[in-house]
Amino acid sequence: MNKTSRLAFEQWPLDLLIDYALKVHHRTIRKEGPETLQLLDRLANRYSSMKPVYEAFAETLEAIENHLMKEENVLFPYLYELFEAHETRQSLPPMHCGTIANPIGVMMMEHDDETERQNRIAALTNNYTAAPDSDDDCRRVMERLKEFREALLEHIYIENNILFTRFRDIEAQVVEEM
């Protein structure tokens, strides 16, 4: 089981994992991310030390939105098709880009980039530690940044270690040779 979660994601059906990524992770990122960025903006205007955190998190939201769009519009629709073909023992034509290995490679590279950025934010915030004399906004934003990172790492784990691995195997079984 994933060390960061009590949920045994490895046991879930693959289509449910995609639904979970879309309906829990993508929705939460789009809701919580901008709210956290607004809090960071207020803090960056009061404390110069928060300006690099604000900038890094703004980069995160921009990069992640592009990433999520690629998942939602390119990769995940085809993964659903692969899942259905596998479940019904049907064959499927190859993905328009040849193989899922191509978009998966891009997604994993972006996961690595975002993990590095999240590590930088953790370092900039002393691992999300608010100074003892910090106000409520500062403590709240530290907690939000920490929760955002934890959810993002769960998302990356699900995709890299379960979805992508298992769908590569499924693709080899159901995609028609050209």
Is there a donor-acceptor pair closer than 3.5 Å between any side-chain N or O of Thr125 and the backbone N or O of Ala122? yes
Chi angles and distances behind the salt bridge (charged side-chain N to carboxylate O under 4.0 Å, His left out) call for Glu59, Arg120: CA-CA 12 Å; Glu59 289 172 16; Arg120 190 169 78 236; 3.3 Å; yes
Under 4.0 Å between a side-chain nitrogen and a carboxylate oxygen: does that hold for Glu72 and Lys23? no
Find out whether Tyr54 and Asn45 are in side-chain contact, i.e. whether some heavy atom of one side chain is under 4.5 Å from a heavy atom of the other. no
Determine the sole option in Ile156, Asp113, Leu152, Leu145 for which the side chain to side chain contact (heavy atoms under 4.5 Å, CB included) test with Gln118 is passed. Leu152
Under 3.5 Å side-chain donor-acceptor pair for Tyr78 and Glu171: no
Spacing of Asn66 atom CG and Glu110 atom CD [to the nearest 0.5 Å]: 8.0 Å
With clusters defined by side-chain heavy atoms of hydrophobic residues (ILVMFWY) lying less than 4.5 Å apart, directly or transitively, does Leu79 cluster with Leu22? yes
Heavy-atom pair with the smallest gap, counting every atom of Glu176 and Ser91: OE2-OG, 2.9 Å
Go through the structure and list residues passing side chain to side chain donor-acceptor pair (under 3.5 Å) with His155, not counting sequence neighbours. Glu159
Near Met69 CE, under 6.0 Å, is it more than 12 heavy atoms from other residues, nucleotides or ligands? no
Look only at the side chain of Arg139 and the backbone of Ser134, and say whether a donor-acceptor pair between them is shorter than 3.5 Å. yes
Separation between CG of Leu14 and CZ of Phe9, rounded to the nearest 0.5 Å: 13.0 Å
Answer yes or no: is there a side-chain heavy-atom contact under 4.5 Å between His26 and Arg30? yes
Does Asp41 reach the main-chain N or O of Leu37 with its side chain, forming a donor-acceptor pair under 3.5 Å? no
For Leu40 and Met50, work out which heavy atoms get closest and say how close. CD2-CE, 3.5 Å
Worked verdict on Leu61 versus Glu65 for side chain to side chain contact (heavy atoms under 4.5 Å, CB included): CA-CA 6 Å; Leu61 293 185; Glu65 182 57 33; over 6 Å; no
Working note: Ile29 + Phe148, criterion side chain to side chain contact (heavy atoms under 4.5 Å, CB included); need CA distance, chi angles, decisive distance, verdict. CA-CA 8 Å; Ile29 287 167; Phe148 187 93; 4.2 Å; yes
Non-neighbouring partners of Arg144 that pass side chain to side chain donor-acceptor pair (under 3.5 Å), sequence neighbours left out: Glu32, Glu35, Thr36
Is it the case that the side chains of Asp19 and Tyr80 hold a donor-acceptor pair, with the cut-off being a distance below 3.5 Å and no angle test? yes
State whether Asp169 and Arg166 are salt-bridged, where the test is any N-O pair (Lys NZ or Arg NE/NH1/NH2 against Asp/Glu carboxylate O) under 4.0 Å. no
If the condition is side chain to side chain donor-acceptor pair (under 3.5 Å), which residues does Asn160 pass it with, not counting sequence neighbours? His111
Quick one: does Leu43's side chain get under 4.5 Å of Cys138's, heavy atoms only? yes
Give a yes or no answer on whether the side chain of Thr88 reaches the backbone of Glu84 with a donor-acceptor pair at less than 3.5 Å. yes
Are the side chains of Tyr128 and Val141 in contact, using a 4.5 Å heavy-atom criterion? no
Under 6.0 Å between the ring centres of Phe167 and Phe83? no
Do the non-hydrogen side-chain atoms of Asp137 and Arg46 ever get within less than 4.5 Å of each other? yes
Side-chain heavy atoms of Phe76 within contact of Lys70, under 4.5 Å: no
Worked check of side chain to side chain contact (heavy atoms under 4.5 Å, CB included) between Val53 and Tyr47: CA-CA 11 Å; Val53 178; Tyr47 308 106; over 6 Å; no
Between atom CG of Asn126 and atom OG of Ser49, what is the distance when rounded to the nearest 0.5 Å? 11.0 Å
Under a 4.5 Å cut-off applied to non-hydrogen side-chain atoms, are Leu75 and Val106 in contact? no
Rounded to the nearest 0.5 angstrom, the CG-CG distance for Asn119 and Leu153 is 8.0 Å
Side-chain contact, heavy-atom cut-off 4.5 Å: Phe57 with Leu39? no
Between CG on residue Leu82 and CD on residue Gln173, distance to nearest 0.5 Å: 10.0 Å
CZ on Arg168 to CD1 on Ile100, rounded to 0.5 Å: 7.0 Å
Search all heavy atoms of Ala85 against all heavy atoms of Leu92 and return the closest pair with its distance. CB-CB, 4.2 Å
Short side-chain donor-acceptor distance under 3.5 Å, Arg117 and Thr60: yes
Can any side-chain N or O of Thr28 pair as donor or acceptor with the backbone N or O of His25 at less than 3.5 Å? no
Does either side chain, that of Glu114 or that of His67, offer a donor lying less than 3.5 Å from an acceptor on the other one? no
Please walk me through it: do Val175 and Ile170 pass side chain to side chain contact (heavy atoms under 4.5 Å, CB included)? CA-CA 8 Å; Val175 171; Ile170 289 172; over 6 Å; no
